[in-house]
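Throughout, a chain's letter reflects where its sequence line sits, starting with A, and its residues are numbered from 1.
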There are 2 protein chains.
Amino acid sequence: MEKSAGRRHDGHSHGDEELDDRKAAILEAVVTEYIGTAQPVGSHHVATAAGINVSSATIRSEMVALEREGFLVQPHTSAGRIPTDKGYRFFVDQLAEPGSLGPAQRQKVSRFFDQVHGEMEQMLERTSGLLSDLTSYASVVLAPGHESATVRSLQLVGLGPRLALLVVVLADGAVEKRTLDLAEEVPDEVLATAAAHVLGVAQGHPLAPAPAPAPTGDHAVDRIAGMAAAALGELVADEQDRVFVGGSSRLAAAFDAVETVRSVLTILEQQLVVVSLLRDVLERGLSVAIGTEHGYESLASCAVVVAPVSVDGHHAGAVGLLGPTRMNYPEALAAAQVVGERLGERLAGAAGTVGVAAHDAGPGTAQDTAQDMAQDTAEDTTHGTGRGAARGRRRRHAGR
Amino acid sequence: MEKSAGRRHDGHSHGDEELDDRKAAILEAVVTEYIGTAQPVGSHHVATAAGINVSSATIRSEMVALEREGFLVQPHTSAGRIPTDKGYRFFVDQLAEPGSLGPAQRQKVSRFFDQVHGEMEQMLERTSGLLSDLTSYASVVLAPGHESATVRSLQLVGLGPRLALLVVVLADGAVEKRTLDLAEEVPDEVLATAAAHVLGVAQGHPLAPAPAPAPTGDHAVDRIAGMAAAALGELVADEQDRVFVGGSSRLAAAFDAVETVRSVLTILEQQLVVVSLLRDVLERGLSVAIGTEHGYESLASCAVVVAPVSVDGHHAGAVGLLGPTRMNYPEALAAAQVVGERLGERLAGAAGTVGVAAHDAGPGTAQDTAQDMAQDTAEDTTHGTGRGAARGRRRRHAGR
DNA sequence: CCTGGCACTCGGTAGAATCGAGTGCCAGGA
DNA sequence: TCCTGGCACTCGATTCTACCGAGTGCCAGG
């Protein structure tokens with residue numbers, strides 16, 4: 001082992017190695033084939049792939065090199081090759097064509113966003129269903145936090161003799177609530193006065209821990225106002241990250257080991273984990289995390305595709321896809337990208353000026369929108385690492 | 001086949017047949033063993049089971065009869081027996097001892113309900129996690145509908161120039177909201193007036209389609225009031241059934257065929273189906289639906305255990321468990337029963353007088369509560385059919 | 001009516017044989 | 001120097017056989 005005559009065009013060998021065109025083509029063929037069939041790919045298959053014009057023997061020797069460099073592995077001697085995580089990574093960064101959605105899918109998306117209605121929670125939930133439908137992978141939608149949304153309205157509603165509900169409406173349309181145990185009977189007028197008082201302090205500011213309410217003369221009012229103010233603070237801690245998971249049944253189809261399915265489902269159930277997973281990946285500027293690139297052991301056989309949802313320029317949540325490492329990256333990336341974008345537009349519209357979009361837009365309109373979207377996708381899709389990945393490289397075998 | 005000398009003590013033979021004690025004991029042994037091991041049970045195993053004092057040969061002949069009558073099946077000749085759905089049904093109705101939770105589990109429940117806090121959605125979600133933890137099955141919590149809850153407060157909050165949010169607070173503490181596209185700019189005062197106007201009509205009544213608001217003089221107010229009233233009607237249709245599913249990863253452990261897992265997960269994702277499933281089962285007065293007893297093909301290998309959640313005497317939602325037909329019925333029934341009851345109490349408390357329970361109740365208190373609960377369970381648990389199932393029958397092998 | 005005994009069934013396991021996809025290597029040729 | 005066809009070899013998957021043993025149905029005797 002460690003044959004001395006290593007074939008490196010490049011001096012350094014950490015991570016983002018270069019591969020000559022032929023190796024790259026072979027790697028691409030292997031990945032593509034394996035994604036499709038889930039079977040180890042042999043040299044012969046690669047030789048017959050489009051765009052490759054060398055014999056299987058040559059391919060074999062190249063494969064040996066690719067294996068030595070960590071892009072491929074053999075499950076056992078005398079079997080075909082399987083891509084490693086590193087192999088997938090190279091594929092995603094350097095090889096995969098942007099890939100746009102098929103027309104049917106594009107139409108699905110357009111139709112969805114034309115027709116979806118209802119409040120944010122419902123919309124996000126359905127969006128996750130859409131993503132999962134488009135791709136056949138499990139999907140995750142991370143709701144935008146309300147960190148920056150300011151308080152628009154605040155109300156105290158009496159529910160029982162000693163029970164009241166604090167209802168806060170934020171500028172982005174979110175409604176938060178919290179029951180307050182008043183400990184003694186409080187007349188409605190006091191509730192109203194206290195609410196008005198707290199609103200005076202909080203209005204226009206984002207939800208934040210306990211903005212101290214200035215004391216009035218009235219003891220009862222002050223007490224209630226204090227409680228409400230404290231509850232405001234708890235609200236922000238309480239319900240900040242909401243996650244919507246869709247299509248978890250797809251996981252069962254994607255993995256054949258029932259144990260894998262179980263462990264992945266377990267992760268998906270822990271919303272905290274899902275949130276930090278998506279956050280981590282996004283923060284590192286990635287849109288794809290393959291295998292062990294994120295830190296979660298039980299997701300070692302999974303890949304995660306994430307796309308940000310931006311409303312008016314700044315990040316507000318994210319959409320993600322969770323599938324096997326042998327997922328169809330181009331498609332998944334395109335789907336996440338498009339849905340994330342459209343969702344962002346939609347959210348901006350809802351909170352801003354446009355309001356609920358016209359239902360039943362005619363087929364003509366839908367068509368146009370789909371066209372725009374296809375454009376966007378083909379041009380803008382940037383998938384890959386944040387570390388200045390070379391873009392627009394290579395485009396062999398032009399004709400599929 | 002169709003041996004003429006059928007051994008029926010009883011004349012009629014539809015559904016709820018009687019079994020003599022020995023057959024019943026054998027059936028019970030088979031079910032118990034199979035639930036534990038998931039392996040076909042042979043006559044020898046049954047013979048060594050507690051409470052059975054006949055030879056394996058005798059058991060074999062009894063088993064033949066049980067098979068002929070449809071309580072057992074053989075996967076193939078020369079294998080042990082497996083209970084049929086009918087076998088499980090008999091077991092649940094006639095044989096299974098009520099079964100209470102173990103002390104550790106009881107404590108878990110008590111602790112949970114002592115500590116849980118936050119708003120209803122969050123509580124229900126966690127409750128479903130609790131149930132699933134207790135039993136290792138997937139759990140479903142059906143949120144109480146707001147059909148009977150009356151409107152307490154109604155507010156229109158301006159979000160943008162032509163956008164407002166209708167916020168309705170119901171007497172049970174639920175908050176419903178809906179964005180309204182106002183089509184033109186409307187000053188806040190008009191929104192407030194319109195809201196007050198609609199509230200005058202709707203307050204104290206349950207949410208219902210379009211309670212027509214009487215016209216005032218002001219055209220703008222009337223227009224907004226009309227929109228708000230219409231939105232009220234849509235609210236009731238929109239968000240009526242909320243379902244919380246927990247522990248779906250348990251399904252992967254319960255079934256070994258990945259295809260089964262997939263199809264069950266698919267069902268769980270369709271909330272409508274889950275809702276009507278639980279409803280159906282409850283309506284038929286059952287607390288258990290085994291195999292094909294409910295109509296859903298893809299759940300043929302599942303059993304569903306349901307317990308009602310009643311708040312102040314009337315039904316308000318339900319809790320359910322979904323597992324393989326070879327589930328541990330006594331335990332599942334007890335868990336669902338207890339959690340359903342406690343959840344009901346808790347909900348009644350939240351909407352009524354008690355308010356948020358004291359946190360950090362000392363171990364003494366928790367202990368007492370657990371005791372009460374155990375009592376309740378042992379005495380009251382009625383699991384079985386609505387068709388006047390004979391209760392308190394049979395109790396062989398007293399000493400376990 | 002129960003029981004021990006007996007012949008029989010048949011799924012599951014183990015081992016041997018076979019198949020074939022795929023490999024590594026090498027000598028010959030462009 | 002690099003590619004290619006050829007060849008021996010590996011080894012998982014498949015098939016076949018034998019065999020074990022859990023479990024059965026049946027029957028004669030208690």
Taking side chain to side chain contact (heavy atoms under 4.5 Å, CB included) as the criterion, tell me which of I59(B), V46(B), L66(B), I82(B) meets it with V30(B).
V46(B)
Checking L27(B), V31(B), V288(B) against Y88(B) for side chain to side chain contact (heavy atoms under 4.5 Å, CB included), the one that qualifies is V31(B)
Treating S132(B) as the side-chain partner and Y137(B) as the backbone partner, does any N or O pair qualify as donor plus acceptor under 3.5 Å?
yes
Check for a donor-acceptor pair, side chain of E62(B) on one end and backbone N or O of I26(B) on the other, with a separation under 3.5 Å.
no
Provide, to the nearest angstrom, the distance between the [atom1] atom belonging to [X] and the [atom2] atom belonging to [N].
| X | N | atom1 | atom2 | value |
| --- | --- | --- | --- | --- |
| D20(A) | dC3(D) | CG | C1' | 14 Å |
| K23(B) | dC1(C) | NZ | C1' | 13 Å |
| E62(B) | dT3(C) | CD | C1' | 14 Å |
| I26(A) | dT23(C) | CD1 | P | 11 Å |
| Q39(B) | dG21(D) | CD | P | 18 Å |
| E67(B) | dG25(D) | CD | C1' | 12 Å |
| M63(B) | dA22(D) | CE | P | 16 Å |
| H44(B) | dG5(C) | NE2 | C1' | 15 Å |

T58(A) vs dC3(D): side-chain N/O to OP1/OP2 distance below 4.0 Å
no
Any side-chain N or O of R81(A) less than 4.0 Å from the OP1 or OP2 oxygen of dT23(C)?
yes
Proximity to the side chain of [X] - top-ranked nucleotide from [options]:
| X | options | answer |
| --- | --- | --- |
| T77(B) | dT9(C), dG25(D), dG4(C) | dT9(C) |
| V54(B) | dT4(D), dT3(C), dG25(D) | dT3(C) |
| R60(A) | dC25(C), dC10(C), dG25(D) | dC25(C) |
| H76(A) | dG12(D), dT4(D), dC3(D) | dG12(D) |
| V64(B) | dG23(D), dG22(C), dG25(D) | dG25(D) |
| Q74(A) | dG24(C), dT3(C), dC2(C) | dG24(C) |

Dot-bracket assigned to DNA chain D with the 3.5 Å Watson-Crick/G-U criterion, [ ] for crossing and | for other-strand pairs, is ||||||||||||||||||||||||||||||
Does either side chain, that of E269(B) or that of S248(A), offer a donor lying less than 3.5 Å from an acceptor on the other one?
yes
For residues T266(A) and S263(A), is any side-chain donor paired with an opposing acceptor at under 3.5 Å?
no
Would L251(B) and L265(A) satisfy side chain to side chain contact (heavy atoms under 4.5 Å, CB included), going step by step from the backbone distance to the final call?
CA-CA 10 Å; L251(B) 291 173; L265(A) 279 177; 5.9 Å; no
Between the base of dT9(C) and the side chain of S78(B), is there a donor and acceptor pair under 3.5 angstrom?
yes
Regarding S43(A), tell me which of base, sugar-phosphate or nothing describes its non-hydrogen contacts under 4.0 Å with the strands shown.
sugar-phosphate
Under 4.0 Å between any heavy atoms, over every strand shown, what does A57(A) touch: base, sugar-phosphate, or nothing? Just pick one.
base
Student check: side-chain heavy atoms of E67(B) and V64(B) closer than 4.5 Å
no
